[in-house]
Amino acid sequence: MAGGLEPHLEALRRELRGPAVLSVLIALIAVAITFLIWRFVQGRRSSRKAVLLLGLCDAGKTLLFARLLSGRYRDTQTSITDSCAVYRVSRDKSTNVTLIDLPGHESLRLQFLERFKAAARAIVFVVDSVAFQREVKDVAEFLYQVLVDSTVLRNAPALLIACNKQDVTMAKSAKLIQQQLEKELNTLRVTRSAAPTSLDGSATGGPAQLGKKGKDFDFSQLPMKVEFVECSARGSKGEEGEADLEGLEKWLVKVA
């Protein structure tokens, strides 16, 4: 009986060693590896629950932070430390993120960014739309430092440029702010990429290249998704009125 089965078993062994079976096994291994990588990336992303509020002093970050949490207006002053709070992105869901308002003073902002950047799921970069024309170089300088940070580039958190104070007549539009920032960031990229060299001719190192080499910079070249919204933390009726944060709130729902 056993002798009669031996030829069939041998044929089965040869079949299992054939190229078709080998191809299937390779495909299954590839799928398994892809799944494990996806689970790893998703796990890392889910561990990042912070939404960082960045920007220059007086851009309106702290009032925006307060409005998102309570809906109410409050007098604010220049922050010298961070403020953290859990923000529920929708009344109908239990989903929430941790909002972190970081100081905008030049001597503090980078050290606080260093502290929280690894936890960032998303970044809201707040711009004063009224003072933008005179502050554009400072705004671009800070944004450049954020965008070339190695941790930010690796994690690629969603980025929102919140063009605040739209309730003021002289406020610049989000479209103009985007165009001016792209122009200034392109200039910074050109000047910063000309890194000094050591005596032996080797590069001394420096920040990562922003955007695509050989092309004028635009936000679509970044590894993270970048969006612009117009908003007003103060509101069109001042202290008594409601803030105009609809675009920001919708964005927070998407990134949570």
Side-chain angles (χ1 to χ4, degrees), residues 30 33-56 59 61 89 95 97-100 102 104 109-127 136-163 174-175 177-195 203-229 231 247-248 250-256:
I33 292 173
T34 302
F35 177 74
L36 290 173
I37 293 173
W38 178 83
R39 285 292 300 271
F40 175 74
V41 171
Q42 288 297 107
R44 288 189 60 188
R45 184 178 184 276
S46 63
S47 68
R48 301 196 305 269
K49 296 288 289 182
V51 176
L52 308 185
L53 302 182
L54 308 180
L56 303 188
K61 300 185 305 299
V89 299
T95 306
V97 295
T98 302
L99 289 180
I100 308 180
L102 304 186
R109 58 197 183 207
L110 289 182
Q111 71 182 62
F112 277 90
L113 175 63
E114 184 69 24
R115 184 182 303 176
F116 293 105
K117 63 186 182 182
R121 173 184 291 263
I123 294 174
V124 178
F125 193 95
V126 185
V127 174
V136 59
K137 292 186 183 300
D138 292 332
V139 172
E141 172 74 29
F142 184 22
L143 185 56
Y144 178 89
Q145 291 171 319
V146 174
L147 294 176
V148 297
D149 182 273
S150 59
T151 301
V152 173
L153 284 172
R154 182 174 64 253
N155 293 340
L159 174 63
L160 182 75
I161 311 296
C163 305
K175 184 176 181 179
I177 289 172
Q178 178 176 349
Q179 292 171 345
Q180 289 296 312
L181 280 178
E182 288 177 338
K183 181 179 178 181
E184 288 295 330
L185 288 169
N186 189 62
T187 300
L188 279 170
R189 179 182 67 168
V190 171
T191 56
R192 298 295 175 85
S193 63
T204 60
Q209 173 70 38
L210 187 69
K212 295 182 179 179
K213 190 173 182 179
K215 292 187 176 182
D216 288 342
F217 173 78
D218 64 67
F219 285 103
S220 67
Q221 298 168 5
L222 295 174
M224 69 281 289
K225 183 174 177 59
V226 184
E227 297 181 55
F228 283 72
V229 298
C231 62
L248 171 56
K250 287 182 178 179
W251 181 83
L252 286 169
V253 170
K254 285 195 302 183
V255 302

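Since this is a predicted model, take the numbers as computed values, not measurements.
Counting only heavy atoms from C-beta outward, the side chains of Val255 and Leu160 never approach each other to under 4.5 Å. Side-chain contact between Arg109 and Leu56 is present, with heavy atoms from C-beta onward closer than 4.5 Å. Put simply, the side chain of Leu110 reaches to within 4.5 Å of the side chain of Phe142, judged on heavy atoms. In this structure, the side chains of Ile177 and Val139 stay at 4.5 Å or more apart for every pair of heavy atoms. Side-chain contact between Phe217 and Leu222 is present, with heavy atoms from C-beta onward closer than 4.5 Å.
Between Thr191 atom OG1 and Tyr144 atom OH the span is 7.0 Å, to the nearest 0.5 Å. Considering CD of Gln145 and CG of Leu143, their distance stands at 9.5 Å, rounded to 0.5 Å. Note that CD of Gln221 and CG of Asn186 are 8.5 Å apart. Values are rounded to the nearest 0.5 Å. Atom CD of residue Glu184 and atom CG of residue Asp138 lie 10.0 Å apart, to the nearest 0.5 angstrom. Note that CG of Leu188 is 10.5 Å distant from CG of Leu181, once rounded to the nearest 0.5 Å. Separating the NZ atom in Lys137 from the CD atom in Gln180 is a distance of 9.5 Å, to the nearest 0.5 Å.
In terms of modelled atom types and a separation under 3.5 Å, the side chain of Arg121 and the main chain of Lys49 share no donor-acceptor contact.
Scanning both residues, Pro157 and Ile123, for their nearest heavy atoms gives CG-CD1, 4.0 Å. When all heavy atoms are compared, the tightest approach of Ala162 to Val124 is CB-CG1, 3.9 Å. The heavy-atom pair separating Ala156 from Pro223 by the smallest distance is CB-O, 3.9 Å. Shown here for Val152 and Met224, the closest heavy-atom pair between the two residues is CG1-CE, 3.8 Å. Val89 and Ala256 make their closest contact through CG1-CB, 3.6 Å (heavy atoms, listed as atom of the first residue, atom of the second, distance).
The pair Glu227-Lys250 does not count as a salt bridge, with every side-chain nitrogen at least 4.0 angstrom from each carboxylate oxygen. Between Glu182 and Arg189 there is no salt bridge, since none of the side-chain N atoms of the basic residue sits less than 4.0 Å from a carboxylate O of the acidic one.
The aromatic rings of Phe219 and Phe228 lie perpendicular to each other, with more than 60° between the two planes, well past the 30° mark.
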Output, in order, the C-alpha distance, side-chain angles, deciding distance and verdict of side-chain contact (heavy atoms from CB on, under 4.5 Å) for Arg115 and Leu102. CA-CA 10 Å; Arg115 184 182 303 176; Leu102 304 186; over 6 Å; no

Check step by step if side-chain contact (heavy atoms from CB on, under 4.5 Å) holds for Val146 and Leu159. CA-CA 11 Å; Val146 174; Leu159 174 63; 5.9 Å; no

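If you run side chain to side chain contact (heavy atoms under 4.5 Å, CB included) between Leu185 and each of Asp216, Asp218, Leu210, only Leu210 comes through.
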